[in-house]
4 protein chains.
Amino acid sequence: MTKDIKAKEERKFDIVLAAIRLFSRDGFYATRVPDIAKEVGMSAGNIYNYFKSKEDLAKCAIRYCTNVLANKLREINNMDITTREKIEHFVKGYFEVVEKFPELTEFFLRVYLANREVFSKRCDNGYECASEFIEEVGRLLDNGAAAGDLQKQDFHVAFSMIMGPLGCFTFLTGENVLEKNVIKYAPDIAENIYLALSKR
Amino acid sequence: MTKDIKAKEERKFDIVLAAIRLFSRDGFYATRVPDIAKEVGMSAGNIYNYFKSKEDLAKCAIRYCTNVLANKLREINNMDITTREKIEHFVKGYFEVVEKFPELTEFFLRVYLANREVFSKRCDNGYECASEFIEEVGRLLDNGAAAGDLQKQDFHVAFSMIMGPLGCFTFLTGENVLEKNVIKYAPDIAENIYLALSKR
Amino acid sequence: MTKDIKAKEERKFDIVLAAIRLFSRDGFYATRVPDIAKEVGMSAGNIYNYFKSKEDLAKCAIRYCTNVLANKLREINNMDITTREKIEHFVKGYFEVVEKFPELTEFFLRVYLANREVFSKRCDNGYECASEFIEEVGRLLDNGAAAGDLQKQDFHVAFSMIMGPLGCFTFLTGENVLEKNVIKYAPDIAENIYLALSKR
Amino acid sequence: MTKDIKAKEERKFDIVLAAIRLFSRDGFYATRVPDIAKEVGMSAGNIYNYFKSKEDLAKCAIRYCTNVLANKLREINNMDITTREKIEHFVKGYFEVVEKFPELTEFFLRVYLANREVFSKRCDNGYECASEFIEEVGRLLDNGAAAGDLQKQDFHVAFSMIMGPLGCFTFLTGENVLEKNVIKYAPDIAENIYLALSKR
DNA sequence: CATGAATGAGGCTTCATTCAT
DNA sequence: AATGAATGAAGCCTCATTCAT
């Protein structure tokens with residue numbers, strides 16, 4: 001019983017991973033349900049025993065990606081280190097995901113940012129889908145300001161200074177135009193972000 | 001004769017504008033050719049007298065968007081002002097586009113950045129499609145460094161510090177989560193960018 | 001222009017007729033849209049330029065069938081003859097339809113009576129879909145009673161004595177169990193109905 | 001052993017009843033096998049331990065419904081009462097079924113009469129599936145004629161005068177358009193039928 | 001006998017694109 | 001250049017049925 005339920009959850013997770021892989025490579029629309037099924041090694045029809053629709057699957061995938069990043073950032077937020085170190089850790093951590101599991105961030109960029117029509121029905125706006133992660137960014141900034149490390153700024157302004165460059169690097173990695181491994185860029189990016197946000 | 005050709009070019013432009021409008025709102029795939037036709041006030045079939053395919057139309061649209069931004073930045077680059085002022089002008093100019101012609105930047109974000117499969121066939125990578133604009137960003141950075149205003153940095157690192165936040169704000173505007181008019185954020189964003197990139 | 005619209009209406013009518021043909025023979029579900037398309041000589045996709053869905057097509061077909069019968073009965077109601085003659089005319093007229101256009105009545109029996117789930121969404125109940133026809137039956141009975149020819153009776157009771165036997169013969173014709181041509185049964189059926197309903 | 005077989009038969013009967021319930025409500029095609037399984041409280045797969053196919057199940061259901069009505073009519077035929085009383089009893093008995101077990105007659109009307117394609121494969125024509133019942137109607141008419149109560153008539157004509165109105169009322173009940181309880185209509189219907197068929 | 005995950009065939013529908021007018 | 005009916009290729013999804021457990 002319990003074992004079967006566990007097996008079912010695992011199978012569901014397999015599908016999500018496969019979907020992320022293909023969605024990030026080919027986009028939401030160009031990825032066909034049978035493609036995903038093949039990637040997991042099951043029949044297309046069976047996908048529908050796990051997810052209500054292709055859209056539903058994409059939403060689950062987004063939620064998973066958001067969680068991974070949110071958890072990563074939450075851990076860092078809970079560490080007892082300086083704000084500057086937190087930013088360094090986060091940029092490095094994010095880039096590690098970009099390197100080791102590029103589909104995750106690519107998927108985020110390609111499917112979430114770009115196919116709003118897919119998500120806007122469930123989430124009031126796509127933004128909310130990622131709320132967990134966004135809140136964590138908020139904590140990073142608030143704590144930094146409280147500690148006197150960061151300049152007090154409008155949230156969206158500060159948010160864009162962190163996530164903008166990271167998103168940009170996700171894109172550049174996907175375009176294959178970087179000369180070095182992404183991770184190599186982490187220290188410089190972190191420093192730039194810190195310079196932009198730190199108390200002047 | 002010449003007049004007819006001119007008329008044809010104008011009609012073509014009308015279609016491009018309509019396409020940008022709809023693509024940016026609904027995405028590339030969810031926008032149907034008949035929708036675009038209706039928006040311009042012509043029949044679906046007639047679109048094909050102007051563009052080889054829906055993809056072709058999207059590429060023309062991207063080229064147009066890239067040009068608008070590239071021209072804007074080129075003008076600024078040619079002005080005889082400090083690097084800091086150039087960044088301020090550029091951020092403000094970009095945000096003006098976001099406000100007055102939000103479809104343009106939205107289209108860029110949603111269709112170009114995210115639907116690689118649509119563009120990668122013509123451009124070797126989608127990145128090159130925007131090369132004209134990217135080169136201009138390069139000039140901004142190089143001149144700034146030559147003038148001793150900016151720290152010498154890896155191009156992609158610096159690029160991401162400029163275009164990342166701007167892209168992020170394009171997204172936030174589209175999501176309707178900003179409390180103030182976009183333009184109001186320009187000075188702060190410009191300052192942050194300058195702090196990140198300036199000589200230390 | 002006008003001609004095109006007319007042509008389009010005619011084409012639409014062709015599709016309705018083909019649909020009635022196939023629906024009556026194979027039932028609503030067993031008839032596939034491509035089958036109908038083939039019967040009219042067009043592609044399956046093109047059907048959707050005329051009807052929103054297979055269901056929509058079935059509803060149009062039902063409306064057409066109802067109208068044919070309602071018109072027939074209305075004409076008879078307007079004639080200056082005895083109630084008995086009206087019933088004779090109606091039974092004969094109905095059986096002529098059963099003979100010459102068996103699909104029409106069969107379709108009515110098979111699709112309308114049996115596939116309520118298809119129609120109940122648009123019509124509050126399937127009954128209302130045929131209201132025009134039912135009203136005409138009401139007029140036949142009311143006028144007959146007013147003329148002193150028919151016994152005053154509950155509408156549904158009288159209605160069932162007319163349409164019940166006719167529906168039953170529609171079914172028997174479809175089952176191919178009648179020894180004689182349907183029309184031959186008309187006088188006897190008409191007499192039976194008259195005996196059941198006439199003033200005692 | 002015997003007990004198990006009995007249990008199995010009972011389980012089979014449960015399934016038939018559930019099927020009649022759902023088929024009559026939603027039609028043959030719109031009812032899914034898992035729906036039936038859920039209604040009985042078993043798994044979809046298990047249905048196939050009792051019936052070869054969905055079609056097979058529908059045929060069993062029809063046979064059951066036919067038997068119920070045939071038995072009822074046979075009993076009445078065997079009673080020592082006048083033909084008129086027999087007709088009264090039958091109409092009343094039929095309407096009692098319509099009231100107490102509406103699914104049975106509804107199922108008959110919706111699935112059997114209208115989904116010929118489902119039954120015609122096993123029975124030469126769907127008509128024969130109900131032969132037991134139909135024969136009993138024949139006995140009612142023959143005995144009535146032999147007793148000098150009914151006019152000698154073509155079987156199908158007389159049959160349609162009985163079963164037509166009853167079928168019609170089954171439909172009207174299903175459509176929820178009757179003001180009174182069905183049973184209340186029995187005497188009038190019976191009288192009408194008798195007037196139509198009795199010796200003149 | 002019972003389960004329910006899995007299959008696979010096939011249906012409805014959409015849509016870019018073509019083409020006769 | 002303009003129309004819009006027509007095509008045909010796919011895609012999503014459903015569901016009866018099977019089968020390993």
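The structure places CD of C:Glu103 at 9.5 Å from CG of C:Leu22, a figure rounded to the nearest 0.5 Å.
To the nearest angstrom, C1' of F:dA5 lies 11 Å from CD1 of C:Ile15. Remark: C1' of F:dC19 and CG of A:Asn46 are 13 Å apart, rounded to the nearest angstrom. Separating the NZ atom of C:Lys12 from the P atom of F:dA5 is a distance of 12 Å, rounded to the nearest angstrom. Distance C:Tyr29 OH to E:dG11 P: 15 Å, rounded to the nearest Å. For the pair A:Asp56 CG and F:dC12 P, the interatomic distance rounds to 14 Å; values are reported in whole Å. To the nearest angstrom, P of F:dC13 lies 10 Å from CG of A:Leu57.
Minimum atom distance to the side chain of A:Lys8 is reached by E:dA5, of the listed F:dA2, E:dA5, E:dT13. Side-chain atoms of A:Val33 lie closest to F:dC12 of the nucleotides F:dA2, F:dC12, E:dG4. Listed nucleotides: F:dA5, F:dA2, F:dG11. Nearest to the side chain of A:Arg32: F:dG11.
In this structure, D:Asp14 pairs ionically with D:Arg11, as a charged nitrogen and a carboxylate oxygen lie closer than 4.0 Å.
Within the 4.0 angstrom heavy-atom criterion, only backbone atoms of the sugar-phosphate kind lie near B:Tyr50; the bases stay farther away. In this structure, B:Phe51 reaches neither bases nor backbone, as no heavy-atom distance under 4.0 Å exists between it and the strands shown.
Annotation: of the two residues near DNA chain F, A:Tyr48 and B:Ile47, the 5′-most nearest-nucleotide partner is B:Ile47. Comparing C:Asn49 and B:Asn49 by the nucleotide of DNA chain F that holds the closest heavy atom to each, the one mapping nearer the 5' end is B:Asn49.
Between C:Phe28 and C:Phe23, the ring-plane angle classifies as tilted under the 30° and 60° cut-offs.
For the pair D:Lys54 and F:dC15, the criterion of a side-chain N or O lying under 4.0 Å from OP1 or OP2 is not met.
Between C:Tyr64 and the choices C:Phe13, C:Phe107, C:Phe108, the ring pair (Phe, Tyr, Trp, His ring centres under 6.0 Å) rule is met once, by C:Phe13.
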